[in-house]
Protein chains: 2
Amino acid sequence: MKNKLKALRAQHHWSQQDLATILGVSRQTINAIENGRYDPSLPLAFQISRAFSLPIEKIFDDENHAT
Amino acid sequence: MKNKLKALRAQHHWSQQDLATILGVSRQTINAIENGRYDPSLPLAFQISRAFSLPIEKIFDDENHAT
DNA sequence: AATTAATGTAAAGCCTACTTTACATTGGAG
DNA sequence: CTCCAATGTAAAGTAGGCTTTACATTAATT
């Protein structure tokens, strides 16, 4: 699952810690998601979606679907 | 996290097993999600979204957000 | 040169997501 | 009534999501 977290965060001039605080998670969680170590849970994906005012589908890209 | 799986499944006349097979997960997983025992992972949410041709936000409702 | 902010990463631990196997209940078809 | 499909649930196991603590690197500032 690809995502645009790093780019969106840059647009908002937020550090990983800033975003983590907004979302109520640890900085390591943001870092892990940005660097593709794991995908967020669905609830966290919703929170991220709201933080950037974008639908989940505009932030996360499930590259693993049948064409 | 609320969801409309049961209703959507009914609209399509799919059993839990039918949907599970389409998604490539176990029937128990569908049952657990429908009955709120847990939320799907983000990748599975994407698959569900595609199975019903609906955005994730139209299927899942994160009731737990600040108003 | 020393400090600090931002980032990357690791380990241990806890809880969640999903599996397989298995059993019970219900409702409809014959 | 009997049978079977569909559903609900449980237990045990594996993998994934998230936490805290901790340390290393890099770049910018003083």
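Everything numeric in this text was worked out from a predicted model, so none of it was measured. In what follows, chains carry the letters A, B, and so on, assigned in the order in which the sequence lines appear, proteins first and then strands, with residues in each chain numbered from 1.
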If only side-chain N and O atoms of K6(A) are considered, is one of them under 4.0 Å from the OP1 or OP2 phosphate oxygen of dA6(C)?
no

Just to verify, which of K2(B), R9(B), K4(B) counts as forming a salt bridge (Lys or Arg N to Asp or Glu O under 4.0 Å) with E34(B)?
R9(B)

Least distance between heavy atoms, L5(A) atom then L19(A) atom:
CD2-CD2, 4.2 Å

Where the side chain of I33(A) is defined as all heavy atoms beyond and including C-beta, which of dT19(C), dC18(C), dC18(D) is the nearest nucleotide?
dC18(D)

Kindly say if S15(B) contacts the phosphate of dA5(D), meaning a side-chain N or O under 4.0 Å from OP1 or OP2.
no

Output the rounded distance in Å from CD (E34(B)) to P (dG8(D)).
7 Å

Whole angstrom is fine here: how far is it from CG in L44(A) over to P in dC15(C)?
19 Å

How far apart are the closest heavy atoms of E57(A) and S49(B), and which atoms are they?
OE2-OG, 4.0 Å

Measuring from the side chain of R27(A) (C-beta onward, heavy atoms only), which nucleotide among dA22(D), dT7(D), dT19(C) has the closest atom?
dA22(D)

Without decimals, in angstroms, what is the distance between W14(A) CH2 and dT7(C) P?
14 Å

Nearest whole Å is fine: how far is dT21(C) C1' from Q17(B) CD?
14 Å

S26(A) side-chain N/O to dC18(D) phosphate OP1/OP2 under 4.0 Å:
no

Could you go step by step and tell me if F46(B) and N64(A) meet the side chain to side chain contact (heavy atoms under 4.5 Å, CB included) rule?
CA-CA 10 Å; F46(B) 265 91; N64(A) 233 30; over 6 Å; no

V25(A) or Q16(B), whichever maps to the more 5' nucleotide of DNA chain D
Q16(B)

Nearest whole angstrom, please: distance from the C1' of dA17(C) to the CZ of F60(B).
13 Å

Of all the choices, dC18(C), dT9(D), dC18(D), which nucleotide is nearest to the side chain of R37(B) once you look at every atom?
dT9(D)

Between S15(A) and D18(A), is the side chain to side chain donor-acceptor pair (under 3.5 Å) condition met? List the steps.
CA-CA 5 Å; S15(A) 68; D18(A) 290 336; 3.2 Å; yes

Selection from dA22(C), dG8(D), dT9(C) that lies nearest to any side-chain heavy atom of Q28(B):
dA22(C)

N or O in side chain of N31(B) less than 4.0 angstrom from dT7(D) OP1/OP2
no

Rounded interatomic separation in angstrom, taking CG from L42(A) and P from dC15(C):
21 Å

Check every strand shown and say whether S41(A) touches a base, only sugar-phosphate, or nothing at a heavy-atom separation below 4.0 Å.
sugar-phosphate

Length of the OH-P vector between Y38(B) and dC18(D), whole Å
16 Å

note: L5(A), atom CG; dG17(D), atom P; distance rounded to Å ~ 14 Å

